[in-house]
There are 2 protein chains.
Amino acid sequence: MEAVPVWLRERRTGVGRPAERSRAEVTAAAIALADREGLAAVSMRRVAAELGTGAASLYRYVDSRDDLLDLMSDEVAAGYELPAPEGPWLPGLLEVCRQGRELMLRHGWLPELVLTRSALGPHGTDLLEHTLAVLAGHPADVGRKLETFAVMNTLTAAFALNELNGDSGACRRQGAYLAHAITAGRHPHLAAALTSAPLVPAPRFEDTVSRVLVGLLGQ
Amino acid sequence: MEAVPVWLRERRTGVGRPAERSRAEVTAAAIALADREGLAAVSMRRVAAELGTGAASLYRYVDSRDDLLDLMSDEVAAGYELPAPEGPWLPGLLEVCRQGRELMLRHGWLPELVLTRSALGPHGTDLLEHTLAVLAGHPADVGRKLETFAVMNTLTAAFALNELNGDSGACRRQGAYLAHAITAGRHPHLAAALTSAPLVPAPRFEDTVSRVLVGLLGQ
DNA sequence: CTTGTTCGGGAACGCTGTTCGCGAACAACG
DNA sequence: CGTTGTTCGCGAACAGCGTTCCCGAACAAG
């Protein structure tokens, strides 16, 4: 029934044996491990080994592995550089998306976390605040602005995920089946599409996001 | 190095001991289990127990748990009812999204699979073919149409996921932290937004998707 | 020095995906 | 009918997982 998110459970008083590590240290170790070997490698035991300690010790800093994943997401979100918003809103939002994509490409495990869990930590909250600030002069109602924030994150993560998976095996598999589906003959439009164009066209990230944002917010 | 996807690995010849079950039966059992207890409950042992057999037996029908998840996704995609496309493209695509959302709400484990893995099985391929058929008369190039297909699926899944998580604990946690962030005072726009509007406004699915599609494809 | 409190972490529990290998079941062939 | 080839069912085992228990150690305060 602990409805309190990770970020609010803070360090106890200065009494008792002092902790040898900090929550930030644990988070950093988990991020380093994920960057090196992927999200699946982030187990409590592996993270603990990274720190030269035992798995059970981590539970002094984190309530569960899921909490640790939330901390990782939010910590990366600290990498946004958010200047004071000025000028028209579209370039402002595009800059946010551009930075988001870069962070996600640098941390290939991030898109999965962003897409499947929606926890907003301190830095995520700052990002939302910045987005609302960019849209401060826009006439859309609050609901649509929040919706825009969610769509931006989702689309950026999905885009980054595609880019990351694009070169590896996942796309080959799909390609293999699509090729089979084409030769079967019952998918004329698909056949026409895939023979008339490169299989994986260079995705135009900013153009696509821009169109979506204009669709949502007008102008 | 098996680049062949699940759907192409077919039943062997009629030689040897006949199988007691079928791949479809295994898939159906996994779906039933996921519907009842969620995706986390879909372990090889649990699915096997559902069928009254041993866990190792499943590997006669499926190469891995991931394969089974792909089969589950595609099997649900068989639930689309795709009439021959006619009329303008926007209502045609909206109907696809509407059906997708309904399927995902009926199978709460689907959004996660759609968002994180992009495998296209036979029924997914049919859906793509249908989408391209609806857009047959549209002047956009092939790349943008494929992109539109991906965005439709992603957005629908993300929307459904939010609806499914909306009432449960996940949103409470977020709300708890956001409330804290507001009282801290450093997020004026956020504070204004969350006090001037209901915390979780009724999401207007079709309106949002419609705006995004028009943004991507024009008109 | 004692007391209160916290931290570190080995050990254990129940679970997971997957592999191995053996016995059983069947089709085809002689 | 018997033999052979092949597939299937699946118990047992392996390595790994998240998490909890619990006890000894380490410190602050009195």
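Fair warning: this is a prediction, and the values are worked out from it, not measured in the lab. We name chains A, B, ... by the order of the sequence lines, and we start the count at 1 in each one.
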Across nucleotides 20-30 of chain C, 5' to 3', mark each nucleotide with B, S or - according to how protein heavy atoms within less than 4.0 Å reach it. -B-BBBBS---
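Residue B/His123 qualifies as enclosed at atom NE2: its count of foreign heavy atoms under 6.0 Å is above 12.
Within the nucleic acid shown, A/Val62 has no heavy atom closer than 4.0 Å to any nucleic acid atom. Here B/Ser57 lies in heavy-atom contact (under 4.0 Å) with a base. Using a 4.0 Å heavy-atom distance criterion, B/Val47 is classed as making no nucleic acid contact.
Along DNA chain D, the nucleotide closest to A/Asp66 and the one closest to B/Gly54 are compared, and the more 5′ of them pairs with B/Gly54.
Residue A/Arg46 places its side chain closer to D/dC17 than to any other of C/dG8, C/dT16, D/dC17.
Residues B/Asp66 and B/Leu69 have side chains in contact (heavy-atom distance under 4.5 Å, counting atoms from C-beta outward).
Nucleotide D/dG16 holds its C1' atom 15 Å from the CZ atom of B/Arg65, rounded to whole Å. If you measure from atom CG of A/Leu68 to atom P of D/dC17, you get 14 Å, rounded to the nearest angstrom. Computed from coordinates, the B/Asp67 CG to C/dT18 C1' distance equals 13 Å when rounded to whole Å.
A salt bridge links A/Arg46 and A/Glu37; the closest N-O separation between the charged side-chain nitrogens and carboxylate oxygens is under 4.0 Å. A salt bridge is defined here as a Lys NZ or Arg NE, NH1 or NH2 lying under 4.0 Å from an Asp or Glu carboxylate O, and B/Arg101 with B/Glu163 meets this definition.
In this structure, B/Leu213 and B/Thr148 approach most closely via the heavy-atom pair CD2-CG2, 3.7 Å.
Residue side chain B/Arg45 reaches the base of C/dG17 through a donor-acceptor N/O pair under 3.5 Å, judged by distance alone.
Checked by atom type and distance alone, the side chain of B/Asp74 pairs as donor or acceptor with a backbone atom of B/Gly124 at under 3.5 Å.
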